[in-house]
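Below, chain A is the first sequence line, B the second, and so on; all start at residue 1. Everything numeric in this text was worked out from a predicted model, so none of it was measured.
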There are 2 protein chains.
Amino acid sequence: MPDPRTAPTIIDVARRAGVSKSVVSRTLSGSGGVAAGTQERVRLAAAELGYVANAMARGMVARRTHTIGAFVRDASNPYYGHLLTAMQERAAARGYRVVTATGSGSFAVSDERRALETLVGLQVEGLVVCSGLVPVADVLQHARRVPTVLAGRPARDEALSSVYCDEIHGGRGMADHLWSLGHRRIMVVTLRPERSLTQAPRTAEMARRLRELGADVVEAPDEETRAGGGIDGLVARLLADRAITAVMAPTDPYALEILEALDRRGLRAPDALSVTGYDGVAPLTTPLLGLTTWVQPLADLGTRAVDEVVSHVEGLTTDTRHQAINGQLISGRTAGPPRR
Amino acid sequence: MPDPRTAPTIIDVARRAGVSKSVVSRTLSGSGGVAAGTQERVRLAAAELGYVANAMARGMVARRTHTIGAFVRDASNPYYGHLLTAMQERAAARGYRVVTATGSGSFAVSDERRALETLVGLQVEGLVVCSGLVPVADVLQHARRVPTVLAGRPARDEALSSVYCDEIHGGRGMADHLWSLGHRRIMVVTLRPERSLTQAPRTAEMARRLRELGADVVEAPDEETRAGGGIDGLVARLLADRAITAVMAPTDPYALEILEALDRRGLRAPDALSVTGYDGVAPLTTPLLGLTTWVQPLADLGTRAVDEVVSHVEGLTTDTRHQAINGQLISGRTAGPPRR
DNA sequence: TTGTAGGCGTTATCAT
DNA sequence: ATGATAACGCCTACAA
């Protein structure tokens, strides 16, 4: 493979081009003040050597890395993938690079803390944290030092900014949709804030709004489901209560699990039951599944998150703010008028 | 937000703990030779200051960053997400961190080059490149300096290692499956190597194998589809040729597009047509879609890629190798006996 | 057990 | 237009 440790330094380039390292630095950074012919020679030498400037050495003295760090909880979830893509694109457009660190599969908080430190240690100039799970305290510790934005999750803290899809608006929108379809007894899968800072408020709002409208709400705390019976158990309970005509899941993957469990029993939505998801992320938005869900505008979210950090990094803004953006209903085929 | 530039340095910690920076360094790096009481004071001071060592300064002198870089072409594709998760997990287990850089949405090669340089500039000790697109030349340039592994894509070069799912085996397996179902005239969507170094060989093998078996193969170069008519055009052509009973897509998302186009015409697989995909990545593996596909063992792939790069980094190995691992057929509901 | 000094690769400043 | 030199924050001898 490679001969170990032979990375050419700026001095190697300088020697090869027959100039001093200052000239090389100025040439490559384009700060001017170098004769055209000299530049030519320098560039040639650098290319021949395959020279790539050591970002660490550069960052040390320049005190700028032009890099923003993204922490992503679970890369295998397309939700974060789309968010990341949007961020990456915007950052590039504004002249920044993005390096990402992810939690390892075991969603241990200590892993996430480590990942955050990796990023900060790398001297990123800004931090975008994408996780509904990391305790805000861990984030705050770094936010003192680096402009930080929480993306995809609401926050109230003044020490950092956040950009998120309005969970109250979304939960309410989904609830209104089912109510207007005619459902009156509905199961809502709920989560506690410790499990997810996005799914908790949205499911709480679904339940609250339904009750406000006058519906019967059967709450199904996710922890109980995970602990005993699993999704199949949940569906069994669901079907046992003949008055329930719809079930609201906290996310699309969760809704998919429910649909699969129904399928295993030879049932399908919306005939047996209406089922709703949440997030609206490809590829689960395929018309073939026809999932009724709430779309989070991930591209917009990523763009705004980057804009927010960058404007802090560049000192254009000093105060933090919390932007909520609205999602939108996708009325699919998994939810219809009550059929049972 | 944060007071700009106040990151405490090792000196701040030293001052606060009333010792010299050497003592702080030794304490925090756990290299021993520091009195227990002193360690206590140092750790306390570091915690109070929220000290995070500057990885750049550290990396410069230590010449080790314990970081491996992952380049991922398209983060929004769950394929890469799962790969990344597996890599992350394995790397953590072996004491390395992973930082990821992704190409921006515009799959421009120059972007990918830049991302690669970002990683190398960050002094990663190893590189895992996940992209069926980046020209091998770009990768080779860095492979001279940093142990590099191509993940998820075959390579032949001796300057680097690769770990990939055997495309020939997979393409052949899918072809055999359709043949054994009884299909005799089959459309195969093909790609040229410039478009994808994985999809090209697998689709080529599908076509080759089918012909070998004695089937009629109608090749549908993806470029022509993209250029005119799109997927709907493709499906129209497909249906016009009454003898065609099956179509093989190069990936699952592609298969999904075909299924959606059929759906728009009120048709579905396998009644109207048998459709196969390739990759077998969640969430498209849901039984609800019942996609017939070829699963790539992504977890294994990620693990091996990291193992390979780490053993080079640690000097346990010096020769490169190319590992092909076998995927597996998922016989779903989208492909069945010919019906037309 | 603790402190001092030197240098990693780069940019910025100041001479030349 | 070019070259020397001083940091940047940290680790690692080596000296005390």
query = Using a heavy-atom distance cut-off of less than 4.0 Å, which residues of residues 38-49 of chain A contact DNA chain C?
reply =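 Of all residues in residues 38-49 of chain A, none places a heavy atom under 4.0 Å from DNA chain C.
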ask   = So do B:Val309 and B:Tyr96 actually touch side chain to side chain, heavy atoms under 4.5 Å?
value =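 No - every pair of side-chain heavy atoms lies 4.5 Å or more apart.
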ask   = Side chains of A:Cys130 and A:Met87: does their closest heavy-atom pair fall under 4.5 Å?
value =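 Yes; the side chains approach each other to less than 4.5 Å.
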query = Taking five pairs at each end, how big is the angle between the two axes of the helix from C:dT1-D:dA16 to C:dT16-D:dA1, to 10°?
reply =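 It comes to 40° between the two terminal axes.
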To the nearest Å, how far apart are [X] [atom1] and [N] [atom2]?
X        : N      : atom1 : atom2 : value
B:Arg63  : D:dC10 : CZ    : P     : 18 Å
B:Arg15  : D:dG9  : CZ    : P     : 11 Å
B:Gln123 : D:dC10 : CD    : P     : 17 Å
A:Met60  : D:dC10 : CE    : P     : 8 Å

query = Would you call A:Glu112-A:Arg73 a salt bridge at under 4.0 Å N-O?
reply =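 Not counted as a salt bridge, because no side-chain N and carboxylate O are separated by less than 4.0 Å.
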ask   = Taking NZ, NE, NH1 and NH2 as the nitrogens, is one of them in A:Arg15 or A:Asp12 under 4.0 Å from a carboxylate oxygen of the other?
value =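 Counted as a salt bridge, because a side-chain N and a carboxylate O are separated by less than 4.0 Å.
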Are there any protein N/O atoms within less than 3.5 Å of an N/O atom in nucleotides 10-14 of chain C, and if so, which ones and at what distance?
| from | atom 1 | to | atom 2 | distance (Å) |
| --- | --- | --- | --- | --- |
| C:dT10 | OP1 | A:Tyr51 | OH | 2.6 |
| C:dT10 | OP1 | A:Asn54 | N | 3.3 |
| C:dT10 | OP2 | A:Ile10 | N | 2.4 |
| C:dT10 | O4 | A:Lys21 | NZ | 3.1 |
| C:dT11 | OP1 | A:Arg58 | NE | 2.8 |
| C:dT11 | OP1 | A:Arg58 | NH2 | 3.0 |
| C:dT11 | OP2 | A:Ser25 | OG | 2.8 |

How close do [X] and [Y] get, heavy atom to heavy atom, and via which atoms?
X        : Y        : result
A:Ser76  : A:Pro78  : O-CD, 3.3 Å
A:Arg153 : A:Leu150 : NE-CD2, 3.8 Å
B:Leu301 : B:Gln296 : CD1-OE1, 4.3 Å
A:Ala115 : A:Phe71  : CB-CE1, 3.6 Å

inquiry  = Name the residue from A:Arg64, A:Arg97, A:Arg63, A:Arg94 that meets the salt bridge (Lys or Arg N to Asp or Glu O under 4.0 Å) definition with A:Glu125.
reply    =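 Per the salt bridge (Lys or Arg N to Asp or Glu O under 4.0 Å) rule, the option paired with A:Glu125 is A:Arg64, out of A:Arg64, A:Arg97, A:Arg63, A:Arg94.
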task = Taking atom types as modelled, find out whether B:Gln123 and B:Thr65 have a side-chain donor-acceptor pair closer than 3.5 angstrom.
result =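 No pair is found: no donor N or O on one side chain lies under 3.5 Å from an acceptor on the other.
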